[in-house]
2 protein chains.
Amino acid sequence: MPKKTLPCGRPAAPAAPHATSARIAEWQQKLRDYLTAQGLKYSEQRWKIAELILSIGRHLDAQGLVDRVKKEHPGIGAATVYRNIKVLCDARILKESLTDSNGRVVYELFDDDHHDHIVCLDCGEIFEFHNDQIEALQNSLVRDMKFKQVKHRHVIYVNCEYAQK
Amino acid sequence: MPKKTLPCGRPAAPAAPHATSARIAEWQQKLRDYLTAQGLKYSEQRWKIAELILSIGRHLDAQGLVDRVKKEHPGIGAATVYRNIKVLCDARILKESLTDSNGRVVYELFDDDHHDHIVCLDCGEIFEFHNDQIEALQNSLVRDMKFKQVKHRHVIYVNCEYAQK
DNA sequence: ATGAATGCAAAGGTTTTGCACCCCC
DNA sequence: GGGGGTGCAAAACCTTTGCATTCAT
């Protein structure tokens with residue numbers, strides 16, 4: 001098995017196994033449950049879009065998703081993709097994740113454990129991090145100011161030591 | 001002097017004195033110096049836009065600035081505002097600051113000391129914070145991953161205890 | 001006088017909306 | 001059968017660009 005490297009030269013970490021078939025069935029059930037609960041309807045397109053996201057398992061902006069869908073399922077229109085991004089976020093299958101260096105909102109698969117992001121400005125790759133101490137400091141800071149934290153977005157933009165400029 | 005409250009009911013902190021006339025003269029000089037150094041030219045419109053930003057002294061997105069300029073100086077076109085946002089950022093009079101809850105880049109006056117932001121979801125107000133410990137943790141985390149930090153954006157979205165829902 | 005800046009309008013790109021038709025429940 | 005969903009195209013937005021003109025140096 002050949003050693004993978006990222007576009008910037010950094011050795012690639014193994015990808016998370018988002019798309020096992022059991023996992024996919026589980027997500028599909030989650031979607032169906034949500035739709036039923038909301039009085040919404042299942043559709044072929046809706047699931048195809050969700051499935052595509054699951055199989056990609058990467059950070060994507062809306063336009064990127066439209067392009068991917070158009071490639072894999074030419075029959076599905078852009079409006080349908082945009083409409084379904086909203087639905088899938090509400091269904092907690094997708095979530096808004098960060099703003100990339102172009103100012104576009106990036107989506108990722110919903111998961112229950114929180115993480116923040118590091119964006120490599122050399123290769124565009126998005127890494128995740130989690131730091132309990134930072135989270136704790138954040139919480140007490142917000143509490144001291146008499147606010148109630150709803151969510152936060154902590155993105156660190158970096159260059160990469162591996163990058164040959 | 002009546003006690004000010006923010007839209008969400010929170011008592012307002014006194015605004016930073018961005019726009020004293022001495023301060024304005026200083027910024028104007030800074031702009032002139034920058035323009036000269038770059039072989040660019042001073043213009044009435046350019047300064048009027050900068051002056052408006054200084055006098056507002058608040059966080060604004062590009063469109064918000066266009067609207068304000070249009071209101072105060074109807075003769076100035078939107079393209080000029082967009083072109084000058086870039087110039088003013090390069091001149092370190094403005095800087096990109098955060099992404100608001102609508103995904104739009106928000107600009108603020110340039111200052112040398114770094115801070116991050118708390119966005120009140122009840123009233124839209126943007127607060128600033130700075131925490132050395134968080135910064136330090138962030139730096140070592142990034143260093144450990146063999147990245148070089150370029151910048152970061154840390155935004156906490158909150159509700160406000162003062163808000164009556 | 002020379003090159004930069006402006007205003008306007010047109011073009012670009014992204015996202016939303018209106019509407020006729022289709023399909024899931 | 002009825003209300004949601006889809007596709008298409010048009011509209012809405014925001015931002016950039018081209019070009020003739022004006023202006024700063």
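Chain identifiers are assigned alphabetically (A, B, ...) following the order of the sequence lines, protein sequences preceding nucleic acid strands; residue numbering begins at 1 within each chain.
Proximity of B/T80 to the phosphate of C/dG7: a side-chain N or O atom is located under 4.0 Å from OP1 or OP2.
Residue-environment remark: NZ (B/K95) exceeds the threshold of 12 foreign heavy atoms within 6.0 Å.
Residues A/H154 and B/Q138 have side chains that bring a donor and an acceptor to within less than 3.5 angstrom of each other. Between B/Y34 and B/Q29, the side chains place no donor N or O within less than 3.5 Å of an acceptor N or O (distance only, hydrogens not considered). Between the side chains of A/D132 and A/H130, at least one donor-acceptor pair of N or O atoms lies under 3.5 Å. Counted by atom type alone, A/E125 and A/H59 present zero donor-acceptor pairs between their side chains at under 3.5 Å. Using modelled atom types, one finds no donor on one side chain facing an acceptor on the other under 3.5 Å when comparing B/H114 with B/D112. B/H73 and B/E51 share no side-chain donor-acceptor pair at under 3.5 Å.
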Output side-chain donor-acceptor pairs under 3.5 Å for residues 99-106 of chain A, partner residues at least two apart or in another chain, one line each.
| from | atom 1 | to | atom 2 | distance (Å) |
| --- | --- | --- | --- | --- |
| A/D100 | OD1 | A/N102 | N | 2.8 |
| A/D100 | OD1 | A/G103 | N | 3.0 |
| A/D100 | OD1 | A/R104 | N | 2.9 |

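In 5' to 3' order, the nucleotides of DNA chain D bounding all contacts with chain A (an atom under 4.0 Å from a heavy atom) are D/dG2 to D/dC8.
Applying the side chain to side chain donor-acceptor pair (under 3.5 Å) definition to pairs two or more places apart or across chains, those involving residues 77-89 of chain B are B/R46-B/N84, B/Q63-B/Y82.
Atom-to-atom, CG of A/N102 to P of C/dG12 comes out at 20 Å; the value is rounded to the nearest Å. Residue B/Y34 contributes atom OH, which lies 13 Å from atom P of C/dA4 at whole-angstrom precision. One interatomic measurement links the two molecules: CD of A/Q63 to P of C/dG12, which rounds to 16 Å at whole-angstrom precision.
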Chi angles and distances behind the side-chain contact (heavy atoms from CB on, under 4.5 Å) call for B/F110, B/I93: CA-CA 5 Å; B/F110 185 91; B/I93 284 175; 5.6 Å; no
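Listed by residue number, A/Y82, A/R83, A/K86 are the residues of residues 81-101 of chain A with a heavy-atom contact under 4.0 Å to DNA chain C. Of the residues in residues 35-50 of chain B, B/K41, B/Y42 come within less than 4.0 Å of DNA chain D through at least one heavy atom, sorted by number.
Looking at every heavy atom in both residues, B/W27 comes nearest to B/R92 through CZ3-O, 3.7 Å. Residue A/A91 comes nearest to A/K30 through the heavy atom pair O-CE, 3.7 Å, listed as atom of the first residue, atom of the second, then distance.
Heavy atoms of B/A78 sit nowhere under 4.0 angstrom from any nucleic acid atom.
One end of the helix from C/dA1-D/dT25 to C/dC25-D/dG1 points its axis 30° away from the other end's axis, with each axis taken from 5 pairs and the angle rounded to 10°.
Note on B/V155 and A/V142: separate hydrophobic clusters, where clusters join Ile, Leu, Val, Met, Phe, Trp and Tyr whose side-chain heavy atoms are under 4.5 Å apart, directly or indirectly.
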